[in-house]
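Note that these values count all heavy atoms, side chains included, but never hydrogens, waters or copies made by symmetry.
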Amino acid sequence: PYANQIAEWSAIYKDIWTTLEDYTEGAYYKKARLPDGAAPTSFDHPLNLEYLQVVCASTLNLHTGKAGTHGPLLGNLRKEPVARVLEKALTHEPVSMNHLYFHGELPPLRTIAEQVGRADGQEIYFSASDMRLRWLDVALQNRRRF
């Protein structure tokens, strides 16, 4: 009920605040379920770009990956010389987020949406790529390595 008032006050996302229905999970779900190849490119995210991604666990184990999606152990920052662990991290091959999530072929967006998306979802996501990442997180919730 406050979206129009927020749009008046806001310096950013004015177009989104005036059309919030288009940014709900339900709206993204409908777009993602279009026939193959017809889903908007706004769902595209540079998941295939390769980055050096590392994450430090509470035990000070340094892994490749990101929070919640740990890859191979690079070393322990408490038990090993920090310079050696970081050098190993820097020489480690960069990986794509696709590889972090799926260790192989990324399922089509339509499949992911059908598995974990909610047609009646009212949560707001300001970009389709954010919605896609949320669905990937939910899809892999039980497969994560901690």
Side-chain angles (χ1 to χ4, degrees), residues 1-79 85-86 88-146:
Y2 301 105
N4 288 332
Q5 192 171 10
I6 292 171
E8 289 177 28
W9 297 338
S10 179
I12 58 172
Y13 298 130
K14 284 187 179 290
D15 56 328
I16 293 175
W17 287 110
T18 57
T19 58
L20 273 183
E21 300 82 22
D22 295 340
Y23 296 90
T24 62
E25 180 176 0
Y28 288 124
Y29 178 85
K30 289 176 187 133
K31 291 175 190 172
R33 294 195 63 233
L34 292 172
D36 290 343
T41 57
S42 58
F43 280 105
D44 292 343
H45 189 274
L47 289 175
N48 59 336
L49 298 177
E50 294 190 346
Y51 300 95
L52 174 61
Q53 298 187 57
V54 294
V55 62
C56 187
S58 60
T59 60
L60 296 184
N61 282 342
L62 191 69
H63 295 265
T64 60
K66 65 183 199 101
T69 309
H70 297 185
L73 176 65
L74 299 170
N76 183 281
L77 297 172
R78 179 181 295 134
K79 298 175 184 174
V85 175
L86 294 178
K88 188 175 180 181
L90 291 173
T91 59
H92 198 273
E93 209 170 293
V95 296
S96 71
M97 286 180 66
N98 281 346
H99 182 75
L100 286 175
Y101 276 114
F102 285 94
H103 307 288
E105 187 80 19
L106 184 68
L109 178 65
R110 179 185 179 121
T111 302
I112 295 167
E114 288 172 349
Q115 289 174 353
V116 299
R118 295 181 312 127
D120 60 348
Q122 292 298 304
E123 293 84 359
I124 303 296
Y125 292 86
F126 287 134
S127 76
S129 63
D130 287 343
M131 182 77 264
R132 180 182 191 209
L133 288 173
R134 172 69 178 139
W135 285 337
L136 288 172
D137 280 338
V138 172
L140 295 167
Q141 194 170 10
N142 295 327
R143 293 176 45 186
R144 290 204 170 133
R145 291 173 280 159
F146 292 97

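For the residue pair Thr64 and Val55, the shortest heavy atom distance occurs at O-CG1, 4.1 Å. Between Ala27 and Glu21, the closest heavy-atom pair is CB-O, 3.3 Å. Considering all non-hydrogen atoms of both residues, Leu20 and Ala3 come closest at CD1-CB, 3.5 Å. Nearest approach of Gln122 to Arg118, heavy atoms of both residues: N-NH2, 4.4 Å. For the residue pair Glu8 and Lys14, the shortest heavy atom distance occurs at O-NZ, 3.4 Å. Taking both residues in full, the closest heavy atoms of Trp17 and Ala7 are given as CB-CB, 3.6 Å, listed atom of the first, atom of the second, then distance.
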**OP:** Begin with the C-alpha distance, continue with both residues' side-chain angles, and end with the deciding distance and a verdict on side chain to side chain contact (heavy atoms under 4.5 Å, CB included) for Asp15 and Tyr23.
**Re:** CA-CA 11 Å; Asp15 56 328; Tyr23 296 90; 4.3 Å; yes

**OP:** Show your working on side chain to side chain contact (heavy atoms under 4.5 Å, CB included) between Tyr13 and Ile6 and close with a plain yes or no.
**Re:** CA-CA 10 Å; Tyr13 298 130; Ile6 292 171; over 6 Å; no

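Taking NZ from Lys79 and CG from Leu60, the interatomic distance works out to 9.5 Å, rounded to the nearest 0.5 Å. Between the OG atom of Ser127 and the OH atom of Tyr28 there is a distance of 6.0 Å, given to the nearest 0.5 Å. Of the inter-residue distances, the one linking Thr24 atom OG1 with Lys30 atom NZ reads 6.5 Å to the nearest 0.5 angstrom. Met131 CE to Tyr125 OH: the interatomic distance, rounded to the nearest 0.5 Å, is 4.0 Å.
Two residues are said to be in side-chain contact when any heavy atoms from C-beta on lie closer than 4.5 Å; Trp135 and Glu25 meet this criterion. When side chains are defined from C-beta on, Leu62 does not count as touching Leu73, because their heavy atoms never get closer than 4.5 Å.
Panel note: side chain Arg110, backbone Arg33; a donor-acceptor pair is recorded below 3.5 Å.
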